Amino acid sequence: MKMYHPQEIECKWQKYWEDQKSYHTSIASDKPKYYILDMFPYPSGEGLHVGHLVGYIATDIIARYKRSKGYAVLHPMGFDAFGLPAEQYAIQTGQHPAITTANNIQRYQQQLHKLGLSYDWDRAITTTDPQYYKWTQWIFRQLFNSWYDIRLQKARPIAALITIFQQQGNHQVDAYCDKSPKLFTAQEWQQMNEEAQQTCLLAYRLAFLEDTLVNWCPELGTVLANEEVKDGFSERGGHPVVRKQMKQWSLRITAYADRLLAGLQKINWPTSTKEMQRNWIGKSTGAEIQFTTTGENTQHTITAFTTRPDTLFGVTFLVLAPEHPLATTLCTPAYATAATQYITTVINRSERERLTTAHKATGVFTGVYAVHPFTQQPIPIWISDYVLANYGTGAIMGVPAHDSRDYTFATQFQLPITQVIADPSDSELPYETKEGVLMHSDFLNGLSVQAATQTMLEKLAALKLGTPKTTYRLRNAIFSRQRYWGEPFPIYYKNTLPHSLPTEELPMALPSLDSYKPTETGEPPLGRALDWKTKDGYPLELNTMPGWAGSSWYFFRYMDPHNRSQFVSPEAESYWQAVDLYVGGAEHTTGHLLYARFWTKFLHDLGYVTVDEPFQQMIHQGMMQSKSNFVYRIKGTKQFVSYHLREQYETTAMHVATALVDKDNVLQLEAFQNWRPDLKDATFILEEDGQYICGSETEKMSKSKFNAITPDDVINQYGADTLRLYTMFLGPLEQAKLWDMHGIEGVHRFLIKTWRLFYPTSGVPFSTDSPDEAAQKIIHQTIKKIGEDIQRYSFNTAVSNLMICVNDLTALGCRHRHVLGKFLVLLAPFAPHLAEELWQYALGNEASILAAPFPEYDEAYLQESSCEYPIAINGKVRTKIVFPLTMTQEQIETAAIAHPDITKWLEGKTIQKIVVVPQKMVNIVV
RNA sequence: GCUCGGGUGGUGGAAUAGGUAGACACGCAAGACUUAAAAUCUUGUUCCCCUAAAAGAGAGUGCGGGUUCGAUUCCCGCCCCGAGUACCA
């Protein structure tokens, strides 16, 4: 009898599939297409752990299933390889990040290869490859040379804008641009020199230079995007982040805010993810209202944005953001010193400090009043950092009765509070609900919130005091990084104005440097490059692009990865279209997933792609958790105290490798001392029984918590098929799962049982007779279930159903070649190596199982001739009776109440009703 | 605080359209094989009461209500856990 040795057969078939080019994908116009994509991984130095694999295994099962259903399946993999860790390593060691990256990629590929994943590796792409980033630069160049036409709701080439400027100036242009662009006539435009013209155009480009307040991370020496900063610290590395004014490249994603919002309705994504994008875009409608200051000499106009114009009569103060242009100039001399001091401290405060003091209201009075547009009452103007400079207009009208933040501020500084909406429940102020009737509001009195808003907007418009306005929380995306390991910008400067390099000069490759640190003068690392200038001697851009540049369009490149003349050919793009199913982490919701949608819409506008949403359906795999262990170090010493005694000392908890801890959390002391050089002379305070007990917690699996399980160890012990199956068997794809090795024996035993079904101890040969009813029923039921389970991504139940099938066929002693062959095709997407081995060697098929079509089930074999009915009395099941399906409802009723197990419950009671649900159950109501 | 998930045996989980709660697997217990152990196989395993055992009775899907002949599933109110978000006017 042959034994199941996964390590032998898995290597053999992996090589076979590679040699046969089994996963080669091409356009097959006679077949329907299916594009299934995993999120672009960053190849970190730590390699993969089993948590990363959940998604890869799931997509592989679907890809294999879809192929066996006759689809042309695009299932590629590649690497998003620019990024900070390789560069930090380069700064420390001097090793070029390209070498680090290549090593890491190789390790990833080996790990993925050992899992038997069916990627078409000929289509693999890497963002750091100049032949790839050539096109990232090319797309950036298109963004630089485009503007957004609001009337047509699409991006257009900058040449079209120049034509408009030549003919009519920019007074009539309806475009997304800088806040107040310089206005000019056609004649003025024509008289401008090139420099002046370029300055004007820059205000309209979709990729533009801008002085902005950025998240500066001194430790990393670079700026970070909003979503790369968590609680005032950098997401990578956890370094502090401060706010700083810098000239940066930005992308005008805000032009697409409305389309990014509307597009969510067309795509099949988790509601939570859509909701998060909606909140991130943060569309709010309201009005901008003008307030004029009182004062003898100078009168200023302050424009405030509000979503509640209906509460205008409740305004008791105005607040300016500290960064507001008027904040420094408005104050009366008596208040100016205090105000300037406040503004300086607040602006220099780091993001971190702002957050920790967020709950406290701070601010200063300017000494100046504005006039209420209707009551003509004076309204004090304050400055406070609870108003954000870059949202709305940077100025708000304070309505303390109906806004909690304004309420806190008013209470703090004893400003008056005027209630203007009657609260039906009469609860405490502030009353923020949009229900109720207006009061103390002159011409609005008695109106509902909705009607009052409408009336107020009309009145403001008529008196030219305000206009309806929609704002977005979404900011333009800062696109410069002061780093080496990223795509260089295809940009050079002429008299400090940016120009794009001609496309023939792309790719613009990264230069080699002697060091990857910033220059002594604080310039980015590219400042060290010799001859970093164009042929004509113009200086090139020193910043590089952020990590998300390459991942914003990679899904198109897989369609046509070797194209030298286009980023994707129209033929390939129109065949593969959007990704049908995208599987990856939810943590990319407000970053990658938003930027990829933005770039797709932009490329669509310019006519380069037909789709305008990149990912039709999206699923997030749940995170993998694992038990992590802690030891407790007495502060300032190398002494470690056991779990139960830790409270007697002042200790810090420290993660310890779970490999050094047994299942009862007992630490292996010697192994711990040898774990790291600095622990060599560690000493311990032990429990009474002489053991060191570690603390334990369930946490997200990660190398830094020392609780990661690498696939390599599992594969060495059980084989890739067992790992694939077990990862799916743990629970639903989208749910967080706890990895523990206990259950893996169960799925491994299942594969051994499967093996024995084909190589039984009895040695009975396979039969080619037509299978018996019982075997047919089992296999057809399983075909139905597996198909349904895969289609609803329920892989854990699919594995269960495969187990049930093997259990049943084993009990039956099934030897039918026909039935067993069908079973292998069902098993193949989950455990491809074992299925191929048994298909070719046990059953003696000549062709690969990959060519076998997914079996169809025959309804005829699923028909039952009878059904077991649970018989319930008042909903409680009392007995079960088998009835033939030919029985009528009346016959079932009569039989049920005549059954001895039932009659004893009916004694002395009257039957009120009998419910018979065909093929389900019977309920007797007494 | 807000938004979105989720609470089912000792454990992971199943129940796809309101119809037998606990599939499948782990663990545990007993037995077979073995000199013995491991491996393998067989049987049992929601809890509680009763019983020598069988049989039987009751409770039960976070808690409290509701709709229904019937609710893990639908509705209302609460509690707990997890994730995301944070002055966006």
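Reminder, nothing fancy here: chain letters follow the sequence lines and each chain counts from 1. Just so you know, these numbers come straight off a predicted model, no measurement behind them.
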R473(A) CZ to A89(B) P: how many Å, rounded? 10 Å
Ignoring backbone atoms, establish whether R749(A) has a side-chain N or O less than 4.0 Å from OP1 or OP2 of C26(B). yes
What is the distance, to the nearest angstrom, from the CH2 atom on W755(A) to the C1' atom on A39(B)? 18 Å
Take Q625(A) and T698(A) through the test side-chain hydrogen bond (donor to acceptor under 3.5 Å, both in side chains) and record every step on the way to the result. CA-CA 6 Å; Q625(A) 297 167 315; T698(A) 298; over 6 Å; no
Less than 6.0 angstrom separating the ring centers of H748(A) and Y726(A), yes or no? no
Would you check if the distance from the ring center of F750(A) to the ring center of W755(A) is below 6.0 Å? no
Without swapping roles, check the side chain of T727(A) against the backbone of V54(A) for a donor-acceptor pair under 3.5 Å. no
It should be established whether R278(A) places a side-chain nitrogen or oxygen under 4.0 Å from OP1 or OP2 of nucleotide C4(B). no
Anti/syn call for A17(B), syn if |chi| within 90°: syn
Are the side chain of S384(A) and the backbone N or O of Y386(A) linked by a donor-acceptor pair below 3.5 Å? yes
In whole angstrom, what separates K920(A)'s NZ from A21(B)'s P? 13 Å
Can you tell me, in whole Å, how much space there is between the C1' of A52(B) and that of G13(B)? 37 Å
I want to check one thing: is the phosphate of A25(B), taken as OP1 and OP2, less than 4.0 Å away from some side-chain N or O of N807(A)? yes
Inter-nucleotide P distance (G64(B), U73(B)), Å rounded: 13 Å
May I ask you to say whether K283(A) pairs ionically with D258(A), meaning some side-chain N is under 4.0 Å from a carboxylate O? yes
For the side chain of M803(A), counting heavy atoms from C-beta on, which of A89(B), C24(B), A86(B) is nearest? C24(B)
Which value, in whole Å, describes the distance between the C1' atoms of nucleotides C2(B) and C75(B)? 24 Å
Contact class for I804(A) (heavy atom, under 4.0 Å): base, sugar-phosphate, or nothing? sugar-phosphate
Just wondering, more than 12 heavy atoms not from K469(A) lying within 6.0 Å of its NZ? no
Just grab all the salt bridge (Lys or Arg N to Asp or Glu O under 4.0 Å) pairs involving residues 782-796 of chain A, residues at least two apart or on different chains. K784(A)-E788(A), D789(A)-R792(A)
Pairwise P distance for A14(B) and G62(B), with rounding to whole Å: 14 Å
Under-3.5 Å N/O pairs linking protein and nucleotides 69-72 of chain B:
unit_1: C69(B); atom_1: O2'; unit_2: N923(A); atom_2: ND2; d: 3.1
unit_1: C69(B); atom_1: O2; unit_2: N923(A); atom_2: ND2; d: 2.7

For C26(B) and G44(B), measure between their C1' atoms and round to the nearest Å. 16 Å
Check whether any side-chain N or O of K876(A) sits under 4.0 Å from OP1 or OP2 of A59(B), and answer yes or no. yes
So what does S404(A) hit on the nucleic acid, given a heavy-atom distance under 4.0 Å: a base, only sugar-phosphate, or nothing? nothing
Kindly determine whether F313(A) and H372(A) satisfy ring-ring contact (aromatic ring centres under 6.0 Å, His included), including the steps that lead there. CA-CA 8 Å; F313(A) 285 96; H372(A) 190 284; 5.6 Å; yes
C1'-based separation of U67(B) from C79(B) [nearest Å]: 23 Å
Which label fits F409(A) and F413(A): parallel for a plane angle under 30°, tilted from 30 to 60°, or perpendicular past 60°? tilted
May I have the distance from F317(A) (atom CZ) to A89(B) (atom P), rounded to whole angstrom? 16 Å
Candidate nucleotides A89(B), U3(B), A25(B), ranked by approach to the side chain of V387(A) - the nearest: A89(B)
Please write out each protein N/O paired with an N/O of nucleotides 12-17 of chain B under 3.5 Å, distance rounded to 0.1 Å.
unit_1: G12(B); atom_1: O2'; unit_2: L730(A); atom_2: O; d: 2.7
unit_1: G13(B); atom_1: OP1; unit_2: Q735(A); atom_2: NE2; d: 3.1
unit_1: G13(B); atom_1: O3'; unit_2: N796(A); atom_2: ND2; d: 3.3
unit_1: A14(B); atom_1: OP1; unit_2: N796(A); atom_2: ND2; d: 3.0
unit_1: A15(B); atom_1: OP1; unit_2: R792(A); atom_2: NH2; d: 3.4

Using whole Å, what does the distance between atom P of nucleotide C26(B) and atom CD of E745(A) come to? 9 Å
Taking the nucleotide of RNA chain B with the nearest heavy atom to each, does N390(A) or V799(A) sit closer to the 5' end? V799(A)
What is the glycosidic conformation of G9(B): syn, defined as within 90° of 0, or anti? syn
Of all residues at least two apart in sequence or in a different chain, which pass the ring-ring contact (aromatic ring centres under 6.0 Å, His included) check with Y869(A)? F883(A)
Atom CD1 of I421(A) and atom C1' of A89(B) are separated, to the nearest Å, by 14 Å
List the atom pairs, with distances to 0.1 Å, where a side-chain N or O of residues 918-926 of chain A and a protein N or O form a donor-acceptor pair under 3.5 Å, not counting sequence neighbours.
unit_1: N923(A); atom_1: OD1; unit_2: G875(A); atom_2: N; d: 3.0

Taking C-beta and beyond as the side chain, do V315(A) and F317(A) meet within less than 4.5 Å on heavy atoms? no
Spacing of the C1' atoms in U46(B) and U8(B) (rounded, Å): 10 Å
When you look for runs of 3 or more Watson-Crick or G-U pairs in a row, both distances below 3.5 Å, which of them include RNA chain B? B:1-7 with B:79-85, B:10-12 with B:24-26, B:27-32 with B:40-45, B:62-66 with B:74-78
Inter-nucleotide C1' distance (U20(B), A15(B)), Å rounded: 11 Å
To the nearest angstrom, the CG-P distance between L757(A) and C41(B) comes to 13 Å
Does H5(A) use its side chain to pair, donor to acceptor, with the backbone of Q7(A) at less than 3.5 Å? no
Rounded to whole Å, the CD1-P distance (I744(A) to G27(B)) equals 12 Å
Please state whether the phosphate of A89(B), meaning OP1 or OP2, lies under 4.0 angstrom from any side-chain nitrogen or oxygen of Y391(A). yes
Minimum-distance nucleotide (side-chain atoms of R878(A) versus G58(B), C87(B), U3(B)): G58(B)
The answer to which of V922(A) and D406(A) contacts RNA chain B further toward the 5' end, by nearest nucleotide, is V922(A)
